Amino acid sequence: ESMAHSKNRATDGKITYPPGVKEISDKISKEEMVRRLKMVVKTFMDMDQDSEEEKELYLNLALHLASDFFLKHPDKDVRLLVACCLADIFRIYAPEAPYTSPDKLKDIFMFITRQLKGLEDTKSAQFNRYFYLLENIAWVKSYNICFELEDSNEIFTQLYRTLFQVINNGHNQKVHMHMVDLMSSIVCEGDSVSQELLDTVLVNLVPAHKNLNKQAYDLAKALLKRTAQAIEPYITNFFNQVLMLGKTSVSDLSEHVFDLILELYNIDSHLLLSVLPQLEFKLKSNDNDERLQVVKLLAKMFGAKDSELASQNKPLWQCYLGRFNDIHVPVRLECVKFASHCLMNHPDLAKDLTEYLKVRSHDPEEAIRHDVIVSIVTASKKDLSLVNDHLLNFVKERTLDKRWRVRKEAMMGLAQIYKKYALQAEAGKEAAKQISWIKDKLLHIYYQNSIDDRLLVERIFAQYLVPHNLETTERMKCLYYLYATLDGNAVKALNEMWKCQNMLRHNVKDLLDLIKQPKSDSYNKAVFSKVMVITRNLPDPGKTQDFVKKLAQVLEEDEKIRKQLETLVSPSCSCKQAEVCVKEITKKLGSPKQPSNPFLEMVKFLLERIAPVHIDTESISALIKQVNKSIEGTADDEDEGVPTEQAIRAGLELLKVLSFTHPVSFHSAETFESLLGCLKMDDEKVAEAALQIFKNTGNKLEESFPHIKSVLLPVLQHKAKKGSPRQAKYAIHCIHAMFSNRDTHFAQIFEIQGLKLMVRWLLGVKNNQSKSGNSTLRMLTAILSSDGDLTEQGKIGKPDMSRLRLAAGCAILRLSQEPCYHEIITLEQYQLCALVINDECYQVRQAFAQKLHKGLCRLRLPLEYLAVFTLCAKDPVKERRAHARQCLVKNINLRREYLKQHAAVSEKLISLLPEYVVPYAIHLLVHDPDYVKVQDIEQLKDIKEALWFVLEILMAKNENNSHAFIRKMVENIKQTKDGQCPDDPKINEKLYTVCDVAMNIVISKSTTYSLESPKDPVLPARYFTQLDKNEDISMKSPSETEKPSRGRKRGAAANQDDKGQESKPKRGRKKAANTSTDDAEDQWGEDSSMAEASMETEDEQNSPPKRGRRGRPPKSAASKDETPSKGRRGRRKTAPPADEENEEEQEEEEDDEDDAGSENMEVKPKGRRGRKPRLVAAYIYDLNIDDLVLNVLNTHKPFILNKWLFTEGRQIPPAILWNPHLRKGEDDLQSHRQQLGKPGTQTPVAKSFLAFSLDAACSLYMCLGLFHGFYLTHTICFSGGRSRAAANQEEESEEEMNTAQQSEEEEDEPMDSSPKVSFLSPENP
């Protein structure tokens, strides 16, 4: 009622001003207007809602102040004062404003909004009035009047924009609070929130705007938190329009939708309660980019530190995990990158992530595998407890990745983890124990062939495993306990690393020495050769070669750099000196304009490898002191987690290794005195280690440290006389290495000489003028022949006998390395030595193989000793076979590489070319004691397996047409006789048979064997007689070669041989060349001893297995009535455990099955013009008769089949008898059946069947279709094109001998007796 009355008064038009205020109009000055308005403001400010009279009194004034004159006044002070009055008017007249016109209300609120911009300048004198204005309208909620207006959205939007624009870091908390109050009242009390108004809020969350005005972001954040419940439906509607319906036009913020979701989630997750299910739908979108955006968004949401999204929305979490297997690479990459944040902020999710990271660690994309490593390592470095063992294992696996970038990241990551938690122990002993495997794994990588891997391992060792910047004592302590806790393979890798660095250091030193020499052609070749050697020890040898050449030129021209490098590679260079030298060289070679260049990087790599950053004289002294502390019990071994015994043993081993690689670093009085103290200790192991170190490092002790020598010599003499066997041996070594008048010292120590001493003496003499070499070899041979028991009284224990056999075999190997002694070693002695690799004792075989391999790798043993490894083909222990194969591979590759680098050694080709091992292997197998019966199938299979053992490696690469060269070599051997027993027909028959097996392998495994051989092979004269180029041995009949008939029925002499064979064991050492077969067999049969009974109780390792030992007869005589068992390969070997044996048997069976396919082959005649046709023999087992006929059709050549096609008592297949082309009649068959059993004989029936024409072959193939499954087994020979006349001539020359043999056979065996071996029977498939 009062308001209505006031409005009536207002119509009167009379304006009442507060006391002391005159009329305010455009007729007064601005200053006067401001003064009067201030008084008006004061009046309205003091009024309250209860002042009814004043409200009525000043109503016209309130209306007057809302006139356009004031609202559009040009002066900002006037506008500000008017705005303050209007704000108070809305407060006083609330809840109904005195203004009724919607347009006027809109103008007023738009005017007030514009005045709020004055809040921006906090330094302004009028800021307090602007603040008053804001405070007033916020407290009164004046803008709520606009809800009824049609243009309310425009008013509110402008207000929001203005407030977000003016807010800045100069405003205090009250300004911020009033703004939030003002805006939140509009959202909470209004009926709706328009998209335009929502955009004015959300735009401040977009990253670009957020970075421009952080205060606006904070204001929007506070507003959204305050109004979360009210504004959530409008936010949901916005995202629904954009995400689900694709209506991007509804807002300009559509392109920032994923950024907004993240910000809103961080502000208040309740704002997105209905939006998150939409994200799950988007994760399955067909659009790659859209999925990628959603994945990036969710990665941040799930990975946020305080996020509980994964636990609150498990379906969305599982859907997100599925994106780890997304088809789009960037999506998978984003998921992997997210993993580190998730692991660090949410360890409870590690279990869910592990399985997916495992799959991604094998991702085909290199970048993804790389980022898996980065994610896991990043989390590990923050806290090791954040990652489980499975995740660390993924990093471990990637150290063997095919890509260098991934391997490098994995190795460096593990190294950083190890240094932080093992060396610095930042997480305690338990964490250090958890990652203790890292050091072993990193060193194992040194076994890789890649030079990049090896260089990185060296860098990791110097920076992380044993940091080179540690103080000397601490560094040696670190190395000491590291070495004590490494596994065996890691220790070997570390030793190899020092060895490689040492070799490279020597190569650089050699290059420096060469550069000092005058220039010449030989000089250039020598420098180039040394440059190539150095290049192979640096990454990317192809590019590095030019850089090393450039370095050689720099060294020639710059004396200062040369001097620095000489100091660096000097054995006496200290670690501190090395650091200075490296800095000086890199500084000299570097350029300020180009601080990093490829040449300088290569030089840094080289310096890094050759600089002694760990070991010098001071370091060795500190290391020995550390070992002494452990020996004395004053070291903190237990605190380091290493038992004292283990620490001492490892420390001594470390010193021994360093005495090989860094001997000069031991040359100090302090070090030698410490070693002398160790030598006097009661502990045998310590004393032995000290002796070995003295031996390696004491070459200058006599002249440089005479006071040490005077004390050391009596100790060495005492150890040699009274010490343990090992100490005595090492003491002798020391005296020999350290003292000049060693003979005098030796005379005081011993009176008799041992095996090794004799050998070393012979090696020192290097001539056989006194025939000492012959007598020594006879003694060594006697030891091998007697199983290591020279007295043959059975008083020596089996372990000692094994050691003696090993020593004798190794002694022969050492003598063979000197040419003067190799010449006097007979073939029998060589074969006896070779049989040691098949010794019954596993340790003997193992040690002998290692010695053999070592001598061959040094290119000191003759090539024939490489053939010894072929005898390992039937070793019962899988590891021994694998080791022998590795040795063959390494030696063959070594020789090939040597020949490539030394092209001038062609005159020594027969001693270096790996293919020349084939004649030696053939000869060794011919004289193999296991090879008794020439045509025994099982023995031939053993021969084939042994030959394939070496030929498989030789034929892996057909370099320079080596396959044809091998074939030619085998053909040439067949045109010779055995050089050891040239007149022994049985040996020669074995030789040709083994050659046939070898030829079969070459032909079956190669497609280029028939090409022209690159060279004419030269056969070793000791092993084979001179090549007979006028006749083809392979086509000789038995009468021509004086060989016994293969497989014929034996006469009296044959039976006598059989008896002798039964009485002797299946394995026997080779007899002397001049001993007859019968005498040797009798000797083996009569040899017996009671020692066998006493040996049966020995340990299992040396106990005799159930088959005959290789190369030696059993001590007990075999019963003459006893049926001999089948011969087996190898000296009797220790049987492996049952499970291993079964596994090996299974593997052997599978190998046999695989071999069967390769044996069914077709041999194509070469047919080269101008060369004599040659008969090529091939052993073919289990050949189907269909294949036989197909071969006939393909080759159009006549066949000659051996006797086993038709044997006595066998029926000729009806298919043959029914065919008119083939059958000569049953009578004809019976009359010649007797002669079918003779090799090389072609009877009319045989010729009827074998020498048929092409149409006959077709007819035969048709007939034989009825007899599927009929198999031929034995030798099938393909004629190289002999004329029929030549074949008939050979038949006639053989008939006389066959008739005589037939008469002998008929006396001893009845005609109807079946043969002992039926090659067509089911028992012999």
Side-chain angles (χ1 to χ4, degrees), residues 340 343 347 350-351 353-355 357-358 361-362 369-370 372-401 406-448 450 453-454 456-467 477-498 637-643 645-647 649-651 653-654 657:
S340 63
L343 288 171
K351 186 176 180 181
L353 287 171
T354 300
E355 197 60 37
L357 286 175
K358 178 181 180 181
S361 69
H362 296 87
R369 300 197 303 274
H370 176 272
V372 168
I373 305 307
V374 172
S375 296
I376 297 173
V377 170
T378 303
S380 301
K381 288 195 290 186
K382 182 180 180 183
D383 188 349
L384 190 62
S385 62
L386 297 176
V387 297
N388 52 44
D389 291 339
H390 294 295
L391 292 173
L392 287 177
N393 277 333
F394 302 158
V395 183
K396 177 181 176 182
E397 289 175 1
R398 289 305 98 206
T399 58
L400 300 177
D401 196 276
V406 180
R407 296 200 305 273
K408 181 180 179 181
E409 189 65 40
M411 292 162 67
M412 290 299 293
L414 289 177
Q416 292 164 5
I417 294 170
Y418 178 82
K419 184 176 182 180
K420 182 171 184 177
Y421 297 110
L423 287 189
Q424 299 170 355
E426 292 188 8
K429 290 186 177 180
E430 283 301 318
K433 188 176 180 181
Q434 180 187 350
I435 49 93
S436 61
W437 56 266
I438 290 180
K439 61 184 184 303
D440 297 312
K441 178 58 185 174
L442 290 173
L443 286 171
H444 290 170
I445 299 169
Y446 205 75
Y447 287 96
Q448 297 299 314
S450 169
D453 291 285
R454 301 177 71 151
L456 185 57
V457 172
E458 292 180 9
R459 181 176 296 175
I460 286 171
F461 180 80
Q463 294 180 0
Y464 297 97
L465 301 187
V466 184
K477 181 180 178 182
C478 180
L479 176 60
Y480 177 61
Y481 288 113
L482 173 77
Y483 203 86
T485 52
L486 291 175
D487 65 24
N489 290 328
V491 167
K492 290 180 181 177
L494 181 54
N495 297 345
E496 180 68 15
M497 185 184 80
W498 281 325
D637 299 331
E638 300 298 334
D639 293 340
E640 296 289 341
V642 184
E645 287 293 326
Q646 181 180 337
R649 189 164 55 250
E653 189 62 35
L654 174 58
V657 171

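If you're wondering where the values come from, they're calculated on a predicted model, not measured in any experiment.
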**OP:** Quick one: closest heavy-atom pair of Ala484 and Ala647, and the distance?
**Re:**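 That would be CB-CA, 4.1 Å.
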Subject >> Non-hydrogen atoms of Cys478 and Pro467 that approach each other most closely >> reply: SG-CD, 4.4 Å
Subject >> By ring pair (Phe, Tyr, Trp, His ring centres under 6.0 Å) - contacts of Tyr480 (at least two apart) >> reply: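 So Tyr480 forms no ring pair (Phe, Tyr, Trp, His ring centres under 6.0 Å) with any residue.
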Measuring from atom [atom1] of [X] to atom [atom2] of [Y], what distance do you get when rounded to the nearest 0.5 angstrom?
X	Y	atom1	atom2	result
Leu465	Leu423	CG	CG	7.5 Å
Met411	Lys441	CE	NZ	9.5 Å
Leu414	Glu409	CG	CD	10.0 Å
Lys439	Leu482	NZ	CG	7.0 Å

Original post:
Among all residues two or more places apart in sequence or in another chain, which pass the side-chain hydrogen bond (donor to acceptor under 3.5 Å, both in side chains) test with Asp453?
Top reply: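 Partners of Asp453 by the side-chain hydrogen bond (donor to acceptor under 3.5 Å, both in side chains) criterion, ordered by chain and then number, come out as Arg407, Ser450.
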**OP:** Please lay out, stage by stage, how Val457 and Leu443 fare under the test side chain to side chain contact (heavy atoms under 4.5 Å, CB included).
**Re:** CA-CA 7 Å; Val457 172; Leu443 286 171; 4.1 Å; yes
**OP:** Output, in order, the C-alpha distance, side-chain angles, deciding distance and verdict of side chain to side chain contact (heavy atoms under 4.5 Å, CB included) for Ile445 and Leu456.
**Re:** CA-CA 9 Å; Ile445 299 169; Leu456 185 57; over 6 Å; no
Original post:
Any chance NZ of Lys492 has more than 12 other-residue heavy atoms, nucleotides or ligands included, within less than 6.0 Å?
Top reply: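 Not more than 12 within 6.0 Å, no.
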**OP:** Apply side-chain contact (heavy atoms from CB on, under 4.5 Å) to Glu496 and list each qualifying residue two or more places apart in sequence or on a separate chain.
**Re:** Tyr446, Arg454, Lys499, Cys500
**OP:** With sequence neighbours left out, write down each residue that passes side-chain contact (heavy atoms from CB on, under 4.5 Å) with Ala422, or none if nothing qualifies.
**Re:** Tyr418, Ile435
Original post:
Do Tyr447 and Asn489 come close enough that some side-chain heavy atom pair is under 4.5 Å?
Top reply: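 Yes - at least one pair of side-chain heavy atoms lies under 4.5 Å apart.
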Original post:
Side-chain contact, heavy-atom cut-off 4.5 Å: Val657 with Val491?
Top reply: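 Of all side-chain heavy-atom pairs linking Val491 with Val657, none is under 4.5 Å.
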Original post:
Any idea how Phe461 and Trp498 line up, ring-wise: parallel (<30°), tilted (30 to 60°), or perpendicular (>60°)?
Top reply: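 Correct class here is perpendicular.
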Subject >> side-chain hydrogen bond (donor to acceptor under 3.5 Å, both in side chains) pairs, two or more places apart, involving residues 423-433 >> reply: none
Subject >> Inter- and intrachain pairs under side-chain hydrogen bond (donor to acceptor under 3.5 Å, both in side chains), touching residues 378-397, at least two apart >> reply: Thr354-Asn388, His362-Glu397, Lys381-Gln416, Asp383-Ser385, Asp389-Gln434
Original post:
Pick from Ile417, Val377, Leu392, Val395: which one makes a side chain to side chain contact (heavy atoms under 4.5 Å, CB included) with Val387?
Top reply: Leu392
